[in-house]
Structures are given as C-alpha cells and as structure tokens.
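Encoded as structure tokens, the structure appears first; notes follow it.
Labels below follow one simple rule: chain letters A, B, ... track the order of the sequence lines, proteins then strands, and each chain is numbered from 1.
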Amino acid sequence: MNTQTPESAGIVDPSAVLDERFKDAISSVLPDLPREQIQTHITPSRQPKFGDFQSNCAMPLAKRFQMQPRELAAKIASAIDVSGIAEPIDESSIAGPGFINITLLPSAISDALGTLDTPELGIIAPDAPPTVVVDLCGVNLAKQMHVGHLRSTVIGDAIARLYERLGYKVVRQSHVGDWGLPIAMVVQKLIEMEADGLDLNLVTLSQLNGMYKKAQAQCKPETRAVQILEKVGGHPKAMAELELRIENASEHLERAKARLVALQSGDEESVRVWQRIYDITMGACLHTCQRLHANVTDEHSAGESTYRDELGSVVQDLIDRNIAEEDDGALIVKCDGIKEPTIIRKRDGGYLYATTDMAAIRRRVQKLGGDILVYCVDSRQSLHFKQVFAAAHKAGYTATSDGHSANLVHAMFGSVMGEDGKPLKSRSGENLNLSDLLDEAVSRAAATLSERNPDIGGDERHQIAESIAMAAVKYADLSIERIKDYVFSFDRMLAFEGDTGPYLLYALVRIRSIFRKAEESGIDTSGIESAPFDLRDPAEKALALKLLRYPGTVEGAGLNHEPNRLCAFAYELASSFSSFFDQCPVLKNDDDALRRSRLRLCQLTGRVLEDALHTLGIPTVERM
RNA sequence: GCCCCCGUAGCUCAGCUGGAUAGAGCACCGGACUUCUAAUCCGACGGUCGCAGGUUCGAAUCCUGCCGGGGGUGCCA
C-alpha cells in the first residue's frame, strides 16, 4: 500500500511538486505568460477543511489578465494534472474569491515522509557553500557576563547553528572588549594591589569585576557635585573633600592613561597583568558559554586588541584614497543617506570603536572570506552599524575575492526586561550576573523535577535539572521575535505547562520512553526505519504534514536570521505529537503494521525534534 | 529638533513574500489518568490588530499623518 510510484518517488516537499504542476497548468491556460514569471502561491492550508494545501494564484493572475478570478481558477483546475500527488482538482476545489484547495493523496504524504526520513532530514547543503561570519557574545575584560550577553550569545549561536545546519561555512567571532582605557585602569589597579601583596593567581573574575568598578569610580572626577555645591553653597569641609577627590581622580586617570600607553607599546609588566586579566575573564566566560551550550570557545575570540596593528593602516588607507576627511580636528567618513558622520580618529589621535569595526569588516571579508557578516548585537547599536557598514562599503572593504559585495547584517535584538517592564536589574540596581541567573534557573528546575519525578536522584537529577534550566532560559530567549524587548520570568519559562523549553523536552522524553518501553516489552523495532506509513488517523496525518515543513522552516529561519521561526515549528511539532500521542496508541495496538507505522512516525518525529533543538542550541534529556 | 524600533485577547507572545471566520500559551470555566511519562490532551470563554486616512478583489501585514512607549543622536564602547 505504500509502494513508491515512479512519479512520486523522491518527493521531499509536496508543495514543490504542486508548484511545478500548477506552473504547467497556468502555462497552458495563459500561454503568453513566461513560465519564470509564474507565482503559484502555494501554502499549507490553515484549516483542515480547506484541504492540506492551497494555491492563491488565481486572484493576482486574474487581475493582471483582467479576468474573473473564479473563472480563471476553474480553467486552471480543469487543466491541472495532479495525478500521483493529490486528489483530483475540479470546480468543487475552488472556494471564496478563487482559492484552489488541494488534498494530498495519502500515498504522496507517505512517500514524502519516506524521503524526509534520511540522515540529513531533507536539508540539502548548497554546492558552493558561502561563508558566514557571525559576531556574537562580545564579553568585556574584567567584567562578568550579564543578561545583556545572554541574548548575543544565545541568539548569535543559534544563527550560527542554523547556517551550519544549512551547510554553510560558519566562522564565529566574539568581539571581546579587551582594549582601551577601562582595561588600562584595571591593569593599573592590579599592579598597585600586587605591590601591596596581592597574589594574581588567586584573583577571581568576581573580584576583577569589583576592581573594574572601583577603578572607574576612582578615575571619575566628581566635578558635577562641585558645580552643584558651588551653586547652592556647600559646606566648606564638603568642598575640600570633593576637591581632594577630584585631584585624586585626575591622578588616577593620568596613571591609567600612562598605563594604556605602556600596555599598547608592549611594556612587559603591563602585558603580563593584562594577560592574567584576560585569562581569568575568558576562563569564566567561556565556561558560562559552555554551560549555555553555546559553541563559543577560545578559537572564536577575536578581541579588539587583535586589531591594534591594523587600525593605523586602515586609517591611512582611508586617508590615501580620500574616503576619510578631516573635520574639526577629527577624521570622519561621510556616507550618503546618513546624517551623522562616522568618526574613525579622534582629535587627540586616538582610535574609536568604529575604527576597530572597520578593521574587523576588512578582516572578516578579506581574510576570513566572509560572504555574509552577521552582527548579533544589541539594537541600541543600530546607528553605529549603519554607519560602519556604509563606511566599509564606501571604502570597498566589503568586496569579496570573487568580485561580489559581502552582505552585512545587523541581527539586532531588544533588551531583557524585568516583570515590572523595566530593564532587568538586581535588587541593588546593578546588571544581573548571568551565572547567578542560570544558577537560580537550575535550582528551580531541580525543585520541580524532584517533585514531578522523585525516582530520579543524585547526579542524574542535577544534570537533568541543568539541561531543563538551559532549555527553559534559551527557549524563552529564542522563541520571541529577536528585535523585541522581552520580559524575563522564571515562573513562565519553567512553568509546568505551556509553550516552554521544558514542554519540548517533555515531548522528546515521551518519544524516547516509547522505545524504552518497546524494548522492555519485547516488541521488535528492528528495521522500523523502513516500515510503511499508514496515516489513517487525522492526528497522525497532521503530524506528518508538520514534519514535512521542517526543511523549509530551517531554511527560512536561517536565511532570515530568525531563530524564533524554528522555535515556533518545534513547539507546533511537539504539540502535534502530543495530540497524536493522546489519540493514537502506538505500542498498545493489535495491528502490527499500524504499530510499526506509528513507531516509525515516532522515531522520525523524535529525530526532527532533536535536530531542531540541536540547531537552536537547546540541550535534550532522556527522561525528566 | 532629527533618526531608528515597538504598539495584536486581562497577561506573555505568534502571524512566513498582502489571502478565507486574526492564532498560541498563561489566567478563568468544564471535561479526560486501572491505559505508551497528565510538565499532557480535548472543549468553552476572551480581540474596534494604538488612531485616522490611502493603495485593492482583499490589509495586522504595504504607503502617509497622528498618538503612546523605548532607544539613539560628532570625538565612550
């Protein structure tokens, strides 16, 4: 009953076949219309009563050729040959203003599922895969990761994984903030503390973070306070105290500036301390990335410091070719359509982050071979990237080796908000530390787990809780539209019910449980991957149709840099499976052929769900 | 001032290149566990898609204006 007919063998996506058949039909009805101009507008139907797919081609075509839409639809219906793929299409298939409803043949769905059921799950890599450089994570030296880094890391990694899944060549780049005055302040501070007996080998990132803040405070003159005091008339003692602090601040600042010069010129002691700061910071941050199941490692780190020898040549190059011009002592690049010029060198001769980003674009295109550059960075940087992208285009830094221009994308994202609607902060008003936040998610997950499933204990319980927590946090972050601010809520993301990471893991756990159970009961599952499909129940048909949308969804999510599309798919798939699980007995089924069909459907669903989760960077568990 | 982003059910969010009666989850109400993990399933309730125009067979989606919220805006990153 499931023999693949020659004409339907090899169908991955039925809508692709329907697309061809509709093009044939439309060509015969409208011979003057060039085939490559035909748009068949085939989409999955929203409601089962409208069939499985529909074509909305008749309305726009009728308009173009000044015909009645329903009349044209009728002509297409009588001309089309859907043999081997769908139920015959006739007048009764036409609905509303001219929708043509299509119901697939059961055999066509089965065949398509069979074609999907391969190691690559219907996703075919391009012959000549382009290179994508993904900018993500972007931690700063001497600072702990906070919620701001969560999104860049999680979304950036998901975008990278999507491209990898599509077969593109992916290069991750973490633009580490490891250069400049703030770092020099910490270096200076650390050198002073070391002189007082501090052992650098025992310093933690948390301590560095404190020093960073302290150093910044020490270098920040409180001139504003003096102005106010002068205005309202302050106590002489307070004035004296403040003036002393300003004096101290400028001393601290001078020492920091001197330290920066020393560091930049390669002074041995400065570099030694800087390296220690680097190691401490990256050790902790990369560990957090690992915990998040984000593929960000040492080899992906491309700190600002690595560009230090390129900044001068970039600036000189822009001057030589008259791309940049001097303005009020600064060096700027003007770009059409952007009012604000891009400043690439300050009046005092110093370089800015735009300069570094110009060098980074040049390296990423010309050295790393990037055809697409994706920046997964906060939306507040949108003007900056607009400027830098335009300046890089103007300078020709986006020219690829094959003569094309690289595509530069700012995959921006919104802020993480607290449940009060304000940016998420700790009780004391500081940025929320990311590893603390993850710890809390884990302990909440562990509490729920021991309540739901007390049988799981010890080490396994901890590991499962860790995975559930990461799945919850990451799914919450990935499943909403990137650009929007989102409200962070432990209660919602770890909820017992609903559209959450745990729900997806649970669906997978149930699938795995079926196979464990089958083994326990001695049910033979060997060769299940070639069992014929029998999709007699509406729930299994719905599940099958959902599965067929996987390759297209991954492509759409990847090329548009929108992981939330794949999240939505994963949720819908898990949901379809849950309905199926509820309505279609698998193991407790007397019909051996049907049981094998359903086992294969479970297996395929499990593979697709697992693949989707892996592509999103969400860990899975065996049981929960 | 100028520029960018957002505004969909009480709450949190979907809605792919304009397509049928705008969909989920939470909350609330009613059902389903001697049955493959009920962190589940099924049903009910719930919306002037910020407002007003425009484009057209058709607009949450595209265009213009306005209102509300957020962000950015020449020498920090």
Side-chain angles (χ1 to χ4, degrees), chain A residues 39 41 43 45-47 50 54 56 59-60 62-63 68-69 95-99 101 138 140 177 179-182 304 327-332 338-348 350 352-354 356 378-384 386 412 414-415 417 419 421 423 448-449 451-453 468 476 479-481 483-487 489 491-492 494-500 502-503 505-507 509-518 520-521 523 539 552-553 556-557 560 562 564-565 567-568 571-572 574-575 578-589 598 602 623-624:
Chain A
Q39 290 195 308
H41 291 107
T43 63
S45 294
R46 288 209 171 189
Q47 297 175 60
F50 295 137
Q54 66 186 62
N56 303 334
M59 288 82 79
K63 182 180 172 186
Q68 292 297 321
F99 302 112
N101 292 331
N140 299 300
W179 210 232
L181 193 59
E304 291 175 341
D327 189 297
D328 199 20
L331 196 66
I332 64 168
I338 304 175
K339 206 177 67 179
E340 298 87 345
T342 313
I343 302 173
I344 55 164
R345 193 179 63 198
K346 295 191 283 187
R347 198 185 308 178
D348 68 6
L352 300 100
Y353 73 140
T356 312
D378 199 303
S379 66
R380 281 173 296 195
Q381 308 267 347
S382 75
L383 175 60
H384 167 69
K386 204 169 141 193
M412 62 178 101
S415 310
M417 314 298 257
E419 290 185 77
T448 305
L449 183 60
E451 190 184 317
R452 310 289 314 183
N453 202 338
I468 292 173
S479 61
I480 63 141
E481 222 185 337
I483 201 162
K484 289 187 179 169
D485 293 344
Y486 91 99
V487 178
S489 164
D491 288 336
R492 257 208 314 281
L494 282 157
F496 279 36
E497 51 274 311
D499 181 6
T500 63
Y503 176 85
L505 298 193
Y506 183 65
V509 159
R510 289 168 120 186
I511 294 171
R512 288 174 172 167
S513 179
I514 286 177
F515 284 92
R516 270 200 303 272
K517 215 75 171 186
E520 285 169 19
S521 333
I523 293 174
T553 302
N560 291 287
E562 291 179 353
N564 71 303
R565 290 201 205 182
C567 288
Y571 176 72
E572 286 167 21
S575 181
S578 292
S579 296
F580 160 81
F581 184 85
D582 193 64
Q583 287 153 40
C584 304
V586 180
L587 299 177
K588 313 211 96 193
N589 198 304
R598 288 181 174 171
C602 287
R623 56 183 193 141
M624 63 191 276

Minimum-distance nucleotide (side-chain atoms of [X] versus [options]):
| X | options | answer |
| --- | --- | --- |
| A:Tyr506 | B:rC36, B:rA38, B:rC4 | B:rA38 |
| A:Lys339 | B:rU37, B:rC2, B:rU40 | B:rC2 |
| A:Lys588 | B:rU37, B:rU35, B:rC41 | B:rU35 |

Check: Are OP1 or OP2 of B:rC42 and a side-chain N or O of A:Ser579 less than 4.0 angstrom apart?
Finding: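 So the side-chain polar atoms of A:Ser579 do come within 4.0 Å of the phosphate oxygens OP1 or OP2 of B:rC42, strictly under.
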When the [atom1] atoms of [N] and [M] are considered, how many whole Å apart are they?
| N | M | atom1 | value |
| --- | --- | --- | --- |
| B:rG15 | B:rA9 | P | 15 Å |
| B:rG25 | B:rG43 | P | 10 Å |
| B:rC66 | B:rC2 | P | 9 Å |

Next item on the list: Give a yes or no on whether the backbone of A:Arg623 and the side-chain of A:Arg512 come within a donor-acceptor separation of less than 3.5 Å.
Entry: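 Not a single qualifying donor-acceptor pair exists.
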Item checked: A:Asp582 side-chain N/O to A:Ser578 backbone N/O, donor-acceptor pair under 3.5 Å ->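 Between the backbone of A:Ser578 and the side chain of A:Asp582 there is no qualifying donor-acceptor contact (under 3.5 Å).
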Check: Going 5' to 3' along nucleotides 9-24 of chain B, which nucleotides have protein heavy atoms under 4.0 Å from the base (write B), which only from the sugar-phosphate (write S), and which from neither (write -)?
Finding: ---SSSSS--BBB--S
Next item on the list: Using a 4.0 Å cut-off on protein heavy atoms (strictly under), produce a 5'-to-3' string for nucleotides 71-77 of chain B with B for base contact, S for backbone-only sugar-phosphate contact, and - for none.
Entry: SSSBBSB
Next item on the list: Please report, rounded to the nearest Å, how far the C1' atom of B:rA27 is from the CZ atom of A:Phe496.
Entry: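 Rounded to whole Å, this separation is 17 Å.
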Checklist line | Ring centroid separation A:Tyr503 to A:Tyr571 under 6.0 Å | finding: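 Ring-ring flag for A:Tyr503/A:Tyr571: true, centres closer than 6.0 Å.
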Note to self: Can you work out whether A:Phe515 or A:Ser382 has the more 5'-proximal nearest nucleotide on RNA chain B?
What the structure shows: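 That would be A:Ser382.
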Note to self: Can you give me the dot-bracket string for RNA chain B, 5' to 3', counting Watson-Crick and G-U wobble pairs with both distances under 3.5 Å, using [ ] for crossing pairs and | for partners on another strand?
What the structure shows: (((((((..((((.....[...))))..((((.......))))......(((((..]....))))))))))))....
